[in-house]
Q: 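One structure is given below, represented as structure tokens, and several questions about it will come after.
The shown structure was predicted, so the numbers you read here are calculated from the model rather than taken from an experiment.
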Amino acid sequence: MKLWAGRFSKEADSRLNDFNASISFDSRMVRQDIQGSIAHATMLGAAGIIPEEESGRIVEGLEGILRDLEEGSLSIDSTAEDIHTFVEGELTARLGDAGKRLHTARSRNDQVALDLRLYLREEIKALGDQLGQLVETLCQQAKDHAQDVMPGYTHLQRAQPITFGHHLMAYANMFLRDRRRLHNVLDGMMEAMPLGSGALAGTTYPIDRQMTARLLGFAAPCANSMDGVSDRDYCIELAAALSIIMVHLSRFAEEIILWCSWEFQFVELDDAFSTGSSIMPQKKNPDIAELVRGKSGRVFGDLMTLLTMMKGLPLAYNKDMQEDKQAIFDGVDTVKLCLDAFTPMIATMKTRPDKMRAAAAGGFINATDCADYLVKKGMPFRDAYRIVGGLVAQCIAGRQTLETLPLEDYQKASPLFDQDVYQAISLETCVEGRTSYGGPAPSSVLAQADDALARLNQVTF
Ligand code: ARG
């Protein structure tokens, strides 16, 4: 029998039932539904809205349902309309009239708004832990490779020398920001507790919303009952934060894919985190990185689903909002899945410092340092830039590098050049000299890693 059976004279069509039901995807909120109901029943008893004795029986009944579900002696009825209906139905089957009193001063509209917040709170904490592990992994790899010189790129053209550790720390900083963003979403979400909003217009019962807010770990009850049942900002904010994580993961994945190519060979992924080909025996493919890059699209899609679903909805609750769950669950599941595979892939990857160094040595990435050499001897930077540009052109024509160009050629371009130019443009000098705060020098990379770990510990979930 339907919850709304009193008003209706016909049974629902099976096609309506299938179309309307959300149990197949909202059953994952069963623990939170029970948790919210326990708080509600406790409050109803304390406020004298139902007898204390019945409130106690309801709480025990709900705890019993949770226990039976966890032990496996009870399973969720997949023909129920949604998880709220299932829990209330099961409670009533066990307790009779006491179970029927649970829904006093409550609607599924404020109930679902609460359940989703409680569910996402746990998921955000898990995501925060996963991002923390990724940052720790990156800091460790950065420390191990603080000395390894590699080319830094702009426009995917070799630009200036950096260290591999420096490159990794750029990503560590992105994931630290992601983690902070998740924390901000959590803070905002836990500011306003929706239970007690009723269907949309509150209730005439003397409920104690401060009490339920406190019991459930919220800062306060939401300030407006209509906003309480129809606010999904926290889903959109979370989906946006998840999308930005995927942007970062996807950029990193793209670089890993490039670095694994035979053209680069900067890194080699562990066999346990690579795949082979069914036809080409030589292949070792970075499938994890490619899938992470590919899955970014579905998370952006989830954000778009939520924005489009909410746009133009009149106040207050509309059934459109049932669509929020599949979108936000998919976003959360996808990011968790990606982080689960990505972090160990990074932790186990091997680097090829020889290949990185060879690439750094072959691309005139010390040309800026060569110009700076002349500047330090008194020449204006623009003049130095032009002279070194000419030397690079000369090297390319003569199949030379700045390291191998004879001193006579340097001195023909400017009498300021001397034997010490070779020392000044050596890759080690170029990298070790870049000690500016946040720069690629090995000492700076070690400091960056320590600083990132300290910042990681400042944000706890
Ligand atoms: N399954 C519904 C949802 O996810 C629960 C709320 C139902 N409310 C209603 N008025 N039909 O949104």
Q: Determine the minimum heavy-atom distance between Ala424 and Cys430, stating which atoms define it.
A: O-SG, 4.1 Å
Q: Do any N or O atoms from the side chain of Asp418 and from the backbone of Leu416 form a donor-acceptor pair under 3.5 angstrom?
A: no
Q: Would the distance check show the side chain of Thr212 and the main-chain N or O of Ala39 forming a donor-acceptor pair, the cut-off being under 3.5 Å?
A: no
Q: Without hydrogens or angle criteria, can the side chains of Thr275 and Asp287 be said to hold a donor-acceptor pair below 3.5 Å?
A: yes
Q: May I ask you to check whether over 12 heavy atoms, not counting those of Tyr385, lie within 6.0 Å of atom OH?
A: no
Q: Hey, could you give me the CG/CZ distance between Leu427 and Arg357, rounded to the nearest 0.5 Å?
A: 4.5 Å
Q: Using only atom types and a distance under 3.5 Å, with no angle test, would you say the side chain of Thr429 pairs donor to acceptor with the backbone of Gln423?
A: yes
Q: Is a donor on one side and an acceptor on the other found under 3.5 Å between the side chain of Gln448 and the backbone of Gly439?
A: yes
Q: Starting from the C-alpha separation in whole Å, work towards a yes-or-no answer on side-chain hydrogen bond (donor to acceptor under 3.5 Å, both in side chains) for Gln111 and His40.
A: CA-CA 10 Å; Gln111 196 179 349; His40 182 64; over 6 Å; no
Q: NZ of Lys311: more than 12 outside heavy atoms within 6.0 angstrom?
A: no
Q: Is the backbone N or O of Ala441 less than 3.5 Å from a side-chain atom of His166, with the two atoms forming a donor-acceptor pair by type?
A: no
Q: Got a second to check how far Leu446's CG is from Met169's CE, nearest 0.5 Å?
A: 10.0 Å
Q: Ring centroids only, cut at 6.0 angstrom: are Phe164 and Phe266 within range, meaning strictly under it?
A: no
Q: What closest approach, in Å, do Leu407 and Tyr422 show between heavy atoms, and which atom pair accounts for it?
A: N-OH, 3.0 Å
Q: Side chain of Tyr410, backbone of Leu402: donor and acceptor closer than 3.5 Å?
A: yes
Q: For a salt bridge (charged side-chain N to carboxylate O under 4.0 Å, His left out) with Glu268, tell me which candidate from Lys350, Lys284, Arg352 qualifies.
A: Lys284
Q: Any idea which heavy atoms bring Cys222 and Ser197 closest together, and the distance?
A: SG-OG, 3.5 Å
Q: Where the side chain of Asp110 meets the backbone of Gly198, is there a donor-acceptor pair that is under 3.5 Å apart?
A: yes
Q: Look at the side chain of Asp148 and the backbone N and O of Pro353, then say whether any donor-acceptor pair between them is shorter than 3.5 Å.
A: no
Q: Using modelled atom types only, decide if a donor and an acceptor are shared between the side chain of Arg180 and the backbone of Val459 within a distance under 3.5 Å.
A: no
Q: Is it the case that more than 12 heavy atoms not belonging to Arg158 sit under 6.0 Å from its CZ atom?
A: yes
Q: Return the minimal non-hydrogen interatomic distance between Arg121 and Leu216, and the atom names on each side.
A: NH1-O, 3.1 Å
Q: Could you check whether any side-chain N or O of Gln322 sits under 3.5 Å from a backbone N or O of Asn20, counting only pairs where one atom can act as donor and the other as acceptor?
A: yes
Q: Which pair of heavy atoms, one from Met29 and one from Lys325, lies closest together, and at what distance?
A: CE-CD, 3.7 Å
Q: For Leu374 and Ser414, work out which heavy atoms get closest and say how close.
A: CD2-OG, 4.0 Å
Q: Before giving the answer on side-chain hydrogen bond (donor to acceptor under 3.5 Å, both in side chains), spell out for Gln133 and Thr343 the whole-Å C-alpha distance, their side-chain angles and the decisive distance to 0.1 Å.
A: CA-CA 7 Å; Gln133 282 160 21; Thr343 300; 5.9 Å; no
Q: Does the pair Ser274 and Asp271 meet the rule for a side-chain hydrogen bond (donor to acceptor under 3.5 Å, both in side chains), with working shown?
A: CA-CA 5 Å; Ser274 309; Asp271 280 1; 5.3 Å; no
